[in-house]
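Numbers restart at 1 for each chain; the letters A, B, ... are given by sequence-line order, proteins then strands.
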Protein chains: 2
Amino acid sequence: MAISFTEENYLKVIHRLSEATSEDISTNAVAELMQTKAASVTDMLRKLAEKGWVNYQKYQGVRLSAEGEKIALSIVRKHRLWEVFLVDKMGFNWDEVHEIAEQLEHIESDQLVNKLDEYLGFPKTDPHGDPIPNKDGVLPELAYSHLSDIKAAKTCKLMGVAQDSAVFLQLLTKLNLSLGAKLDIQEINEFDRSIFVSINDAAPIFISHEVAKNILVKI
Amino acid sequence: MAISFTEENYLKVIHRLSEATSEDISTNAVAELMQTKAASVTDMLRKLAEKGWVNYQKYQGVRLSAEGEKIALSIVRKHRLWEVFLVDKMGFNWDEVHEIAEQLEHIESDQLVNKLDEYLGFPKTDPHGDPIPNKDGVLPELAYSHLSDIKAAKTCKLMGVAQDSAVFLQLLTKLNLSLGAKLDIQEINEFDRSIFVSINDAAPIFISHEVAKNILVKI
DNA sequence: TTTATTTTTTAGGTTAATCTAAAAATTATT
DNA sequence: AATAATTTTTAGATTAACCTAAAAAATAAA
């Protein structure tokens with residue numbers, strides 16, 4: 001069935017919200033991420049339900065149907081593959097690619113996506129460490145920890161980020177934190193939960209809890 | 001000023017029609033290429049004129065303004081660069097890329113277009129031999145002849161095509177005619193204007209005038 | 001368990017791009 | 001030059017996606 005850019009964006013947003021919870025997603029939560037009003041969301045949810053892409057009962061929130069999930073994953077796949085393309089082939093920085101990938105994710109051609117995947121060497125993650133669904137919509141298992149959850153001094157490796165806002169990514173770049181960086185945690189301060197850490201064997205520095213929450217590491 | 005996909009497509013179509021003539025472009029001609037009705041075109045032309053992208057007087061046809069021309073050329077540039085990408089990097093055939101490039105041409109990022117141009121080695125033509133405008137909208141001079149215009153037996157080289165319909169391109173492929181092919185014209189038949197020609201030194205075959213009209217060659 | 005607050009939905013409108021049918025202007029033909 | 005044929009425009013509707021304001025339902029607080 002034909003699908004519009006807008007419908008694709010709604011499915012993507014509902015999918016993103018569903019990853020963080022097992023509850024149904026509220027109209028307001030969708031409205032906020034879609035940068036629109038709740039009334040508009042209600043209209044769209046009814047339409048998406050009619051098309052069979054979401055399960056929606058009024059006042060009860062929304063969740064993706066199996067088919068909706070499949071569509072959402074294919075958009076996520078495209079978004080992340082294009083991000084790899086933009087960074088690896090076009091030479092963009094990881095904080096510059098989100099906007100462009102938001103456009104490219106709507107290009108419709110399974111053939112192109114699969115050729116692109118191959119051209120990029122079947123990457124498992126995008127430039128922010130987020131997993132890329134394969135052609136059947138299966139996400140590779142990554143299972144990383146949030147740096148903020150680590151309780152004791154140890155060594156780990158930066159594998160991803162939990163946010164791709166440009167300001168956050170630019171801060172990481174300033175701190176010399178990029179994918180694959182080695183982190184030797186020296187000390188965790190009880191007071192403000194800041195972390196004193198050496199990055200790639202450099203002199204240790206302080207990282208705020210706020211930042212640590214958005215850093216994914218392999219122990 | 002903000003521009004919609006639809007507006008971009010109208011400008012592109014008007015540009016394409018303007019290449020073939022110095023006359024103003026009729027509402028019906030635009031309607032046919034846009035696959036829409038004349039009434040819809042009238043509405044859009046008024047809007048494009050308000051935005052300053054075309055000169056339009058009712059009942060008198062339309063032509064691009066300097067600014068409209070600039071926009072149209074940037075779309076053509078993107079379309080043709082993406083076609084090169086699809087053929088050279090993704091491994092598509094030249095008859096498979098038009099549809100996908102129709103989508104990709106609307107991606108908005110000057111930075112991306114210029115990086116893509118560089119990545120592809122600043123190509124002068126797309127996979128059909130059509131010239132690619134540079135970043136300032138300047139078209140490289142190519143000045144090729146239509147095979148159908150050649151009057152005497154001689155040798156020439158296939159440099160482009162005047163049409164990118166899949167059926168036409170597939171026919172060329174069947175005839176072993178691709179960009180760069182050597183054509184030794186043996187004879188031109190007065191009766192049906194068909195051409196008896198040897199392609200890359202193979203046994204000569206007949207090519208119809210209809211096909212020859214759409215083949216561009218360098219003598 | 002009422003009352004207050006928040007969330008969500010409905011009702012009614014707007015805008016961009018399209019359509020059909022009818023009117024007006026242009027062009028072609030006697 | 002008058003009439004016929006064609007082209008183009010206007011008028012009035014439709015659809016998708018959005019909006020505001022008001023009503024209804026759900027949730028939280030007294």
[X] [atom1] to [N] [atom2], straight-line distance once rounded to whole Å:
X       : N      : atom1 : atom2 : answer
B:Asp24 : D:dT7  : CG    : P     : 17 Å
B:Asn28 : C:dT27 : CG    : P     : 13 Å
B:Lys51 : C:dT15 : NZ    : P     : 14 Å
B:Ile25 : D:dT8  : CD1   : P     : 11 Å
A:Glu50 : D:dA16 : CD    : P     : 10 Å

Dump the pairs, protein N or O against N or O of nucleotides 1-5 of chain C, anything under 3.5 Å, distances to one decimal.
none

Scan residues 13-41 of chain A for pairs that pass salt bridge (Lys or Arg N to Asp or Glu O under 4.0 Å), counting only residues two or more places apart or in two chains.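 Sorted pair list: A:Asp24-A:Arg63.
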
Answer yes or no: does atom NZ of B:Lys115 have more than 12 heavy-atom neighbours from other residues, nucleotides or ligands under 6.0 Å?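 For B:Lys115, atom NZ is crowded (more than 12 foreign heavy atoms under 6.0 Å).
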
Could you tell me if the ring centre of B:Phe85 sits under 6.0 Å from that of B:Phe92?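 When the ring centroids of B:Phe85 and B:Phe92 are compared, they turn out to be at least 6.0 Å apart.
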
Residues in side-chain hydrogen bond (donor to acceptor under 3.5 Å, both in side chains) with A:Asn114, at least two apart? A:Arg77

Treating primed atoms plus P, OP1 and OP2 as sugar-phosphate and everything else as base, which nucleotides of nucleotides 18-26 of chain C get B, S or - for protein heavy atoms under 4.0 Å? BBB---BSS

So which atom in B:Val54 and which in B:Leu11 form the shortest heavy-atom distance, rounded to 0.1 Å?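 Here B:Val54 and B:Leu11 meet closest at CG1-CD2, 4.0 Å.
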
Which residues satisfy the ring-ring contact (aromatic ring centres under 6.0 Å, His included) test with A:Tyr10, sequence neighbours excluded? none

Of B:Ala29 and A:Ser4, the one whose closest DNA chain D nucleotide lies more 5': B:Ala29

Using atom types as modelled, flag every donor-acceptor pair under 3.5 Å from a side chain in residues 121-132 of chain A to any protein atom, sequence neighbours excluded.
| unit_1 | atom_1 | unit_2 | atom_2 | d |
| --- | --- | --- | --- | --- |
| A:Asp126 | OD1 | A:His128 | N | 2.6 |
| A:Asp126 | OD1 | A:Gly129 | N | 3.1 |
| A:Asp126 | OD1 | A:Asp130 | N | 3.0 |
| A:His128 | ND1 | A:Glu83 | OE1 | 3.1 |
| A:His128 | NE2 | A:Trp94 | O | 2.9 |

Between B:Asp192 and B:Ser194, is any side-chain donor less than 3.5 angstrom from a side-chain acceptor?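 Indeed, the side chains of B:Asp192 and B:Ser194 share at least one donor-acceptor pair under 3.5 Å.
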
Whether A:Arg46 contacts C:dT10 is assessed here as follows: a side-chain N or O lying under 4.0 Å from the phosphate OP1 or OP2. Is that the case?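 For C:dT10, OP1/OP2 do have a side-chain N/O of A:Arg46 under 4.0 Å.
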
